[in-house]
Amino acid sequence: ASDWSSDVCSSDLCSTNASGQCSVQINSNTVGANTVKAAVDAQVSTEVIHRETDSTHGSSGPASKTYVNARINVATSGVNEVGQPHPFTATVEQDNGSGWVKVQGALVTLTINPGVATWVDNNASSITCTTDANGVCTKSLNSTTAGSNTVNASATISVNGVSFNLTTDNDANTPSGAPATKKYVDANITITATATNPVNAPHTFTVTVTQFPGTATPVATTANVTVSINPTPTGNGINPTTCGPAVALDRKSTRLNSSH
């Protein structure tokens with residue numbers, strides 16, 4: 001709905017100045033067309049004459065104001081293992097008063113900031129793409145490093161001659177969406193320590209499992225580790241009592257023994 005702007009006049013009334021003019025402003029938080037009419041009871045000599053903006057008696061017709069809007073969104077957030085490409089799709093739409101429709105041919109900039117990933121096509125933190133008939137364009141990012149990435153989309157389009165600078169980065173002027181996020185995670189496993197023992201002398205190997213859940217800093221986890229030996233030694237082999245649940249960055253101690 002449209003309202004009279006209170007910084008010009010507090011109602012739909014205004015008084016003309018010495019030039020016979022007065023100004024009013026309207027504003028709207030919704031799209032749509034608005035028709036603005038004016039009427040006056042003018043004192044002309046001894047007569048009071050009523051006139052309206054109805055295209056009669058030399059008067060103009062009504063004026064009109066159309067409010068339009070536009071928005072951009074980016075999706076989809078997710079979690080991937082490092083080295084796995086992930087697509088992000090930007091969608092651009094406009095509403096000229098008849099409802100939201102997709103915008104074809106919009107040049108979209110996709111930006112990773114902050115983040116450790118890069119776009120697959122150019123190995124950079126920023127890339128452009130053009131929306132298709134469905135108002136979308138898609139680009140994939142990837143990372144070999146664990147970490148969190150924030151993806152924003154931006155575009156400049158014109159709707160009925162009105163320019164919109166759209167962004168998903170805290171755009172307070174349009175109903176655009178929020179940034180998307182991509183978290184890359186990683187893990188590794190190590191075994192120590194290699195050594196030479198006399199027969200019948202047990203030897204302990206320590207297996208360490210480390211995870212990187214979206215940061216470069218390792219975090220303690222729990223996991224079940226499978227330990228195998230090739231060739232299988234005679235004697236005690238692997239001591240099964242030492243391969244329980246993981247603790248403290250998943251260090252698991254496994255004792256090996258052989259009688260030969």
Side-chain angles (χ1 to χ4, degrees), residues 1-9 12 14 21-38 53-55 60-78 86-115 117-141 149-182:
S2 298
D3 297 308
W4 299 105
S5 179
S6 60
D7 61 344
V8 175
C9 56
D12 56 353
C14 65
Q21 296 179 333
C22 67
S23 297
V24 293
Q25 288 182 344
I26 66 171
N27 200 3
S28 178
N29 57 13
T30 59
V31 298
N34 304 271
T35 299
V36 181
K37 299 178 180 181
T53 52
D54 57 5
S55 300
S60 73
S64 64
K65 164 56 63 178
T66 300
Y67 282 95
V68 296
N69 213 341
R71 65 189 179 191
I72 189 170
N73 290 281
V74 63
T76 304
S77 298
H86 179 83
F88 279 96
T89 298
T91 304
V92 181
E93 299 171 287
Q94 68 179 38
D95 187 349
N96 61 6
S98 302
W100 290 105
V101 295
K102 310 299 184 182
V103 176
Q104 183 177 8
L107 182 63
V108 175
T109 299
L110 292 166
T111 304
I112 306 168
N113 186 28
T118 57
W119 298 106
V120 173
D121 288 351
N122 63 0
N123 197 33
S125 61
S126 181
I127 198 169
T128 60
C129 58
T130 302
T131 57
D132 61 16
N134 297 314
V136 302
C137 65
T138 300
K139 291 293 182 180
S140 294
L141 56 72
N149 303 270
T150 299
V151 176
N152 276 292
S154 61
T156 298
I157 67 170
S158 178
V159 183
N160 290 9
V162 179
S163 181
F164 286 90
N165 295 317
L166 305 173
T167 179
T168 56
D169 188 9
N170 299 316
D171 185 359
N173 299 315
T174 70
S176 295
T181 59
K182 163 54 58 179

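Heavy-atom basis, side chains included; hydrogens, waters and symmetry copies ignored.
Side-chain contact between Ser154 and Thr111 is absent, with no heavy atoms from C-beta onward closer than 4.5 Å. Counting heavy atoms from C-beta on, the side chains of Pro179 and Val151 never come closer than 4.5 Å. No side-chain heavy atom of Thr66 sits less than 4.5 Å from a side-chain heavy atom of Asn96. Side-chain atoms of Thr30 and Tyr67, non-hydrogen and from C-beta on, never get closer than 4.5 Å to each other. For the pair Pro175/Trp100, a side-chain contact is recorded, criterion being any heavy-atom separation below 4.5 Å from C-beta on.
If you check the side chains of Thr156 and Asn165, you find a donor sitting under 3.5 Å from an acceptor. For the residue pair Asn152/Thr168, the side-chain donor-acceptor check at 3.5 Å is satisfied. No side-chain donor from either of Thr150 and Thr181 sits under 3.5 Å from a side-chain acceptor of the other.
A donor-acceptor pair is defined here as one N or O able to donate and one able to accept, closer than 3.5 Å; no such pair exists between the side chain of Thr128 and the backbone of Thr109. Panel note: side chain Thr118, backbone Ser125; no donor-acceptor pair is recorded below 3.5 Å. Between the side chain of His86 and the backbone N or O of Thr76 there is at least one donor-acceptor pair closer than 3.5 Å.
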Passes side-chain contact (heavy atoms from CB on, under 4.5 Å), Gln94 versus Val101? Steps please. CA-CA 6 Å; Gln94 68 179 38; Val101 295; 3.7 Å; yes
In sequence, state the C-alpha distance, the side-chain angles, and the governing distance for Asn73 and Thr91, and then conclude on side-chain hydrogen bond (donor to acceptor under 3.5 Å, both in side chains). CA-CA 5 Å; Asn73 290 281; Thr91 304; over 6 Å; no
So Val92 and Leu166, side-chain contact (heavy atoms from CB on, under 4.5 Å) or not? Walk me through it. CA-CA 9 Å; Val92 181; Leu166 305 173; 4.1 Å; yes
Check against side-chain hydrogen bond (donor to acceptor under 3.5 Å, both in side chains), Thr89 and Thr138: CA-CA 4 Å; Thr89 298; Thr138 300; 2.7 Å; yes
List the steps, then state whether side-chain contact (heavy atoms from CB on, under 4.5 Å) holds for Val108 with Thr130. CA-CA 6 Å; Val108 175; Thr130 302; over 6 Å; no
Test side-chain contact (heavy atoms from CB on, under 4.5 Å) on Phe164 and Val68; report intermediate values, then the result. CA-CA 10 Å; Phe164 286 90; Val68 296; 3.8 Å; yes
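With rounding to the nearest 0.5 angstrom, the CG atom of Leu107 is 8.0 Å from the SG atom of Cys129. Put simply, CG on Leu141 and CZ on Phe88 are 5.0 Å apart, with the number rounded to the nearest 0.5 Å. With values rounded to the nearest 0.5 angstrom, Gln25 atom CD is found 11.5 Å from Cys14 atom SG. Atoms CZ and CG, on Arg71 and Asn173 in that order, are 16.0 Å from each other to the nearest 0.5 Å. Annotation: the span from Ser176 atom OG to Asn69 atom CG amounts to 8.0 Å, rounded to 0.5 Å. With values rounded to the nearest 0.5 angstrom, Asp169 atom CG is found 11.5 Å from Ile72 atom CD1.
Considering all non-hydrogen atoms of both residues, Lys102 and Ala133 come closest at CB-O, 4.3 Å. Contact between Glu93 and Val103 at its shortest, heavy atoms only, is C-CG2, 3.8 Å. For the residue pair Trp119 and Lys139, the shortest heavy atom distance occurs at CZ3-O, 3.6 Å. Nearest heavy-atom pair across Asn34 and Gly32 is ND2-O, 3.4 Å. In terms of heavy atoms, Ala70 sits closest to Thr174 at O-CB, 3.2 Å. The nearest pair of heavy atoms linking Ile127 to Asp121 is CD1-CB, 3.7 Å.
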